[in-house]
Protein chains: 2
Amino acid sequence: MNIKVTIYDVAREAGVGIGTVSRVLNNHPSVTPETRKLVKDVLVRLNYQPHTYAQRLAKRHSETISAIIPFFSTYFFVEVLRGVQDKISQTGYDLVLYGVNDPQQVDSYIIRALDRGRVDGILFFSMQLPDHIVPRLRETATPIVLVDSSSPDFDSISVANAEGAYVATNHLIELGYESVGMIGANPTSNPAAQRLAGFRRAIESHNITFDESIVRRGTSSRLDGFNREAGYQAMTEFLEDGSEMPKAFFVSSDVQAIGALDALNEHGLEVPKDVALVGFDDIELARHVRLTTMRQPMYQMGALAVERLLARMGDPALEILHTTFSPTLIIRESCGAILRSRITSGK
Amino acid sequence: MNIKVTIYDVAREAGVGIGTVSRVLNNHPSVTPETRKLVKDVLVRLNYQPHTYAQRLAKRHSETISAIIPFFSTYFFVEVLRGVQDKISQTGYDLVLYGVNDPQQVDSYIIRALDRGRVDGILFFSMQLPDHIVPRLRETATPIVLVDSSSPDFDSISVANAEGAYVATNHLIELGYESVGMIGANPTSNPAAQRLAGFRRAIESHNITFDESIVRRGTSSRLDGFNREAGYQAMTEFLEDGSEMPKAFFVSSDVQAIGALDALNEHGLEVPKDVALVGFDDIELARHVRLTTMRQPMYQMGALAVERLLARMGDPALEILHTTFSPTLIIRESCGAILRSRITSGK
DNA sequence: CTGAAAGCGCTAACAC
DNA sequence: GTGTTAGCGCTTTCAG
């Protein structure tokens, strides 16, 4: 019958006031060891459970962190979320998930999270923070950290997208490919735009002229174009429009690379023999399709995001911090590096 | 300045009582259109946001559903969770996630969810409901639905594991494989045990004697053995223990099959030429490694679970329902069926 | 150290 | 219809 035991019941049963019960509940120092023990006994005997919402109302905070996240589109989020969850589960906080399927939801979710007291902090993923939200976030002083996204006004954790794209493209060029193309994503997405910039810089630093026709993207705008169909479409376009096609590609994301791979296969082309590919993310699949790619430390990003958020919740005056991880080049077979080294070494 | 506007502020500003404000907030019918409009205007002008926890305390329910789930181990959960999330986002409910990394956490999470008022309903995934929890669940009359797990006492959504394993194994046998082995998972896990039973039934229904040595499992008990390492280990054992090995295998899950595939490759064996494999789940990866497998309708299971939970929350007297989905055989290349048909048809 | 009392912000029953 | 009031269960002064 724990169905409704309140601190009043406990207090009566223990012959003390509710204040005292509350004090032992909150480990307040000024309670005699004896009364403390007395109350504690009654607490367990009655199987008392605190009413979370009453506590939250009285305490003015919720012990809750909400994550606003483009929902489970890709493995990237799954990994990041694992980091988040692992970290949070070490604290007493609750994690409430707002999965965004439609950009329109972002607003209402943030507003909801902004309800005074509803959450103590927000983790905001991979999306552009709506402009009109920024002032409200400031006014309400809601702690927030952006992951895979950024804004000068708030803490953020991200990946050096441009740098990663540069490294990937460079790798291809140094492998000897004279023309390398790119399969991009929706340029309104920050990571997508940055990856494009990195690609371009790599191209130009090798004195190759950057020609618009060398980068394509599918029309599917779902998830900013970071999806298989978009990759498939873009590669198909390259394959079928008649003009000469690069023999190597930097692809904005692994999922897209998978789509490109499918398109290539359908056209009887082999990777890396006929076409070389380098992706971005290092999702689980990448390893199995032997995709060379830029690895992002997803799990760590999630874990760090929580740490940072907790820190900011603890001290709102903290300096704003922007952390950037550098992606690492993971060489597998799709880029042709291994093939080449075999040839070179005469194997 | 929405920082602290309460219904009192709104009431004063609108020149009405707080009761009236509350009424328009809750769309109570007995408010004149005029006052309603008046109040609504003030509401938006002051940018009023309700305090969630105060509402929950007063209303005695939380508009919250919690999901207790073995965390993000596999793609299976990601998909199921997508179904859950999509469905929930159509309602006003919050989803709070309790990711279980260590079985010990289950208890504390359930207890937490049982706090009076903390959640309106629980979704419990893929784990055995601890026995001592059952009576408490009943007493507190907390709505709960089990997914990929079951108990006579509560609603459940699951998959016909035994049947699926039977179909998979049978498929292999009918393809002409005379001995087929199995890579199992931890038999303390319900799905694992059921899949083993289905396998066994298939074997015996073809008058093949079932020999213990024909099923192996890795020692990694993480996630009940449904992980890549376990599959890798089990297959390696088959390969290296000297005795003769089956040429076809039913593997308890796709992730394990991936591991088995890796082991096979390392030993220079090709699938399906040398060894045939059928998995279970149809995770995203399966398609790309051309794995024949039993598909579970993961997304639907999640969505249905939410529907059922909502229904039960609406009417606790509802008949307890156990829904079982039948997995479908998805034929790809790993089982050798396509290879064979080519040979047969002379291509 | 501890009891009593005043909120926390909202809902709902009760009068008018 | 609408204002007033009494909770919801807990935390936190404030006396003593």
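Throughout, a chain's letter reflects where its sequence line sits, starting with A, and its residues are numbered from 1. The figures that follow rest on heavy atoms only: side chains count, while hydrogens, waters and symmetry mates do not.
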To the nearest angstrom, how far is [X] atom [atom1] from [N] atom [atom2]?
{"X": "B:Y53", "N": "D:dT11", "atom1": "OH", "atom2": "C1'", "answer": "17 Å"}
{"X": "A:H61", "N": "D:dT11", "atom1": "NE2", "atom2": "C1'", "answer": "11 Å"}
{"X": "B:Y48", "N": "C:dT11", "atom1": "OH", "atom2": "C1'", "answer": "11 Å"}
{"X": "A:L46", "N": "D:dG9", "atom1": "CG", "atom2": "C1'", "answer": "15 Å"}
{"X": "A:H51", "N": "C:dC8", "atom1": "NE2", "atom2": "C1'", "answer": "13 Å"}
{"X": "A:R60", "N": "D:dT13", "atom1": "CZ", "atom2": "P", "answer": "9 Å"}
{"X": "A:R12", "N": "D:dG9", "atom1": "CZ", "atom2": "C1'", "answer": "14 Å"}
{"X": "A:I18", "N": "C:dA5", "atom1": "CD1", "atom2": "P", "answer": "10 Å"}

Those residues that, when tested against B:Y98, pass ring pair (Phe, Tyr, Trp, His ring centres under 6.0 Å) (two or more places apart): B:Y109
A:H322 vs A:D155 side-chain heavy atoms within contact, under 4.5 Å: no
Five-pair end axes of the helix from C:dC1-D:dG16 to C:dC16-D:dG1 and the angle they enclose, rounded to 10°: 40°
Lys/Arg cation over aromatic B:Y53: A:R56, 6.0 Å, 45° cone: yes
Under-4.0 Å side-chain N/O to phosphate OP1/OP2 contact, A:T20 with C:dG3: yes
N or O in side chain of B:Q55 less than 4.0 angstrom from C:dT11 OP1/OP2: yes
5'-most by nearest nucleotide on DNA chain D - B:G15 or A:L57: B:G15
Contacting residues from residues 23-41 of chain A, given that a heavy atom lies under 4.0 angstrom of DNA chain D: A:R23, A:N26
Check ion pair B:D41-B:R45 (N to O, under 4.0 angstrom): no
Basic-acidic side-chain contact under 4.0 Å: B:R82, B:E79: yes
Atom [atom1] of [X] and atom [atom2] of [Y]: how far apart are they, to the nearest 0.5 Å?
{"X": "A:L137", "Y": "A:S151", "atom1": "CG", "atom2": "OG", "answer": "9.0 Å"}
{"X": "B:S158", "Y": "B:N190", "atom1": "OG", "atom2": "CG", "answer": "9.0 Å"}
{"X": "A:Y299", "Y": "A:L81", "atom1": "OH", "atom2": "CG", "answer": "11.5 Å"}

Over 12 non-hydrogen atoms of neighbours within 6.0 angstrom of CG in A:D131: no
Sugar-phosphate only, base, or nothing, as touched by B:V16 at under 4.0 Å among non-hydrogen atoms: sugar-phosphate
